[in-house]
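First up is the structure itself, then whatever we jot down about it.
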Amino acid sequence: MSSATPRTPTLASRLPNVGTTIFTVMSALALERGAVNLGQGFPDFDCDPALLDAVDAAMRAGLNQYPPMAGVPALREAVAAKISALYGHAYDPGREITITAGATQAIITAILALVHPGDEVIVLDPCYDSYEPNIALAGAAAVHVPLTPGTFEPDFARIGAAITPRTRAIVINTPHNPSATVWFAEQMAQLAALLRDTDVIVIADEVYEHMVYDGAQHQSIARFPELAARGVVVSSLGKTYHVTGWKVGYVAAPAPLMDEFRKVHQFNVFTVNTPMQHGVAAYMADASHHLGLAAFYQRKRDRFRAGLAGTRLRLLPSRGSYFQCVDYSQVSDLAEAEFCRWLTTEIGVAAIPLAAFYQGGFEQRIARFCFAKKDETLDLALGRLASL
Ligand SMILES: Cc1ncc(COP(=O)(O)O)c(C=O)c1O
């Protein structure tokens with residue numbers, strides 16, 4: 001027996017700039033202060049009991065062992081059929097669809113599989129917080145290009161200027177978290193034109209694809225043959241069916257890209273839990289479950305916006321996703337993080353500062369609320385916000 005003192009090796013962090021996310025910080029503060037949590041993006045209501053029944057049936061039917069690496073065939077077929085029906089692109093469920101542990105694993109797997117050390121990946125700020133660390137883990141450099149302040153529209157001149165011979169991919173996200181904007185067909189066409197003579201891969205984060213409002217259509221890259229040919233579509237069945245904790249999502253991509261994706265996927269998760277895949281596949285057969293989502297959330301958006309209309313918060317458009325951004329400059333001079341902290345502790349409603357989605361922060365006096373909440377939760381929050 002050695003008497004040496006046990007020693008944990010010291011090491012340099014792979015992600016030295018990553019700390020606790022603002023979502024965790026604000027959720028903890030909301031809990032501590034009894035605030036209504038409109039910060040983090042998840043529903044506070046349960047899913048359709050029919051979905052639970054479908055998963056229960058799968059478990060009781062003994063579907064509890066490893067599924068095929070790429071996902072349960074019935075679910076891949078259901079995803080391919082949905083994409084074909086909605087966006088007109090036929091992905092081969094055998095070779096071009098993979099089921100993932102949510103969009104989060106889909107995105108990091110796509111980046112690790114397709115991006116090499118020394119490459120550059122363009123991200124459009126403000127953006128979801130996993131992109132940058134994913135790119136860093138691949139040994140690549142994130143090149144941050146801001147969306148146009150004020151409108152959050154893509155600035156193709158700036159995106160074009162950021163493309164270099166080292167650019168391997170661009171990550172886009174529509175409907176957009178956090179700004180709640182959506183890309184229009186014209187913008188997708190502009191992206192296709194910009195990339196036409198390049199080998200840049202498009203990683204399209206479309207987790208809010210079924211939450212597009214006011215009669216607009218979601219512009220998936222799958223609708224645009226040139227973008228589909230160079231693109232990886234990422235979506236989240238957890239977001240779509242109000243079961244974010246299940247962590248089930250998918251990737252659709254042309255076979256040469258998917259072949260590489262699966263090489264990494266099989267060694268980082270290998271497979272995604274079997275009964276949820278079977279349950280979701282059965283539930284997806286009724287298209288009204290995803291097609292009804294836009295109307296469901298649009299009602300919540302409208303309820304929330306109507307409730308805020310009498311305040312000094314200026315409502316930004318919310319065309320998609322389940323977020324509503326507000327400009328609070330008529331209410332407070334505080335910087336965004338301080339304002340959100342004040343809102344949580346003094347008003348009793350948690351929100352997220354938009355600056356958290358920018359590299360190095362960027363102050364615009366804008367906070368993001370999530371309206372994926374029960375009507376009574378929204379009404380409780382609105383009652384508290386009414387004084388602003
Ligand atoms: C833009 C965006 N991408 C990806 C994700 C992660 O999705 P999932 O829960 O399926 O991993 C989220 C979750 O908030 C998101 O907002």
Side-chain angles (χ1 to χ4, degrees), residues 21-27 37-44 47 51 71 75 79 97-112 121 123-135 142 147 152 154 169-183 202-212 218-221 231-252 265 268-269 272-273 276-277 280 284 290 293 297 318-325 350-354 356-358 368-373:
T21 73
I22 186 73
F23 309 101
T24 306
V25 170
M26 295 309 299
S27 286
N37 190 359
L38 302 190
Q40 215 168 354
F42 62 88
D44 72 342
C47 66
L51 177 55
L75 184 54
V79 168
I97 309 268
T98 299
I99 306 305
T100 60
T104 309
Q105 184 247 323
I107 295 165
I108 190 167
T109 303
I111 290 172
L112 291 176
V121 179
V123 297
L124 307 176
D125 280 2
C127 66
Y128 188 59
D129 63 348
S130 77
Y131 305 158
E132 163 98 37
N134 290 179
I135 294 163
L147 294 167
F152 299 99
I170 178 171
V171 185
I172 67 168
N173 170 218
T174 180
H176 186 239
N177 176 13
S179 75
T181 53
V182 297
W183 285 37
V202 179
I203 299 173
D205 181 342
E206 303 185 9
V207 300
Y208 301 104
E209 63 177 314
H210 300 298
M211 303 168 205
V212 175
H218 170 58
Q219 299 301 331
S220 172
I221 60 164
V232 177
V233 178
V234 174
S235 193
S236 171
L237 297 162
K239 292 275 182 200
T240 298
Y241 297 124
H242 318 310
V243 285
T244 57
W246 289 7
K247 300 301 295 184
V248 185
Y250 62 84
V251 163
H265 177 80
N268 69 5
V269 289
V272 176
N273 74 78
M276 263 66 172
Q277 291 195 58
V280 170
M284 273 179 85
H290 53 266
L293 210 62
Y297 275 123
S318 172
R319 298 203 164 93
S321 79
Y322 46 41
F323 300 113
Q324 173 64 57
C325 288
I352 299 290
L354 220 70
F357 297 85
Y358 285 87
R368 188 203 77 176
F369 292 110
C370 171
F371 57 77
K373 307 294 170 188

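Given the structure is predicted, the values throughout are model-derived calculations rather than measurements. Atoms within each ligand, like the ligands themselves, are counted from 1 in listed order.
The Gly102 neighbourhood of ligand 1 comprises atoms 10 (O), 11 (O), with distances under 4.0 Å to a heavy atom of that residue.
The protein heavy-atom contact nearest to atom 16 (O) of ligand 1 is Tyr208 OH, 2.6 Å. Nearest protein heavy-atom contact of atom 9 (O) of ligand 1 is Lys247 NZ, 3.3 Å. Of the protein's heavy atoms, Ala103 CB, 3.4 Å lies nearest to atom 7 (O) of ligand 1. Closest to atom 6 (C) of ligand 1, if we only count protein heavy atoms, is Thr104 OG1, 3.4 Å. Among all non-hydrogen protein atoms, the one lying nearest atom 3 (N) of ligand 1 is Asp205 OD2, 2.6 Å.
A heavy-atom distance below 4.5 Å is found between the side chains of Leu51 and Trp246. Between Tyr131 and Asp205 there is a side-chain heavy-atom pair separated by less than 4.5 Å. Considering only heavy atoms from C-beta on, Met211 stays 4.5 Å or farther from Ser321 through its side chain.
Lys373 forms a cation-pi arrangement with Phe42, by the criterion of a distance under 6.0 Å to the ring centre and an angle within 45° of the ring axis.
Close N/O approach between Tyr131 and ligand 1 is not found [any backbone or side-chain N/O within under 3.5 Å]. An N or O contact shorter than 3.5 Å links Ser236 to ligand 1 by distance. Below 3.5 Å of separation, one finds no N or O of Ala101 facing any N or O of ligand 1.
The two residues Val272 and Lys247 make their nearest non-hydrogen contact at CG1-O, 4.1 Å. Considering all non-hydrogen atoms of both residues, Ala106 and Val234 come closest at CB-CG1, 3.8 Å.
Under 4.0 angstrom from ligand 1, the non-hydrogen atoms of Asn177 all belong to its side chain. If you look at Asn173 next to ligand 1, the close heavy atoms, those under 4.0 Å, all belong to the side chain. Only side-chain heavy atoms of Lys239 come within less than 4.0 Å of ligand 1; its backbone N, CA, C and O stay farther off.
Taking the six-membered ring wherever Trp is involved, the centroid distance between the rings of Phe357 and Phe23 falls below 6.0 Å.
Distances shorter than 4.0 angstrom do not occur between any heavy atom of Phe42 and any atom of ligand 1.
In this structure, the side chain of Tyr250 does not engage the main chain of Leu237 through any donor-acceptor pair within 3.5 Å.
Ring-plane geometry between His210 and His290 is classed as tilted, the angle between the planes lying from 30 to 60 degrees on a 0 to 90 degree scale.
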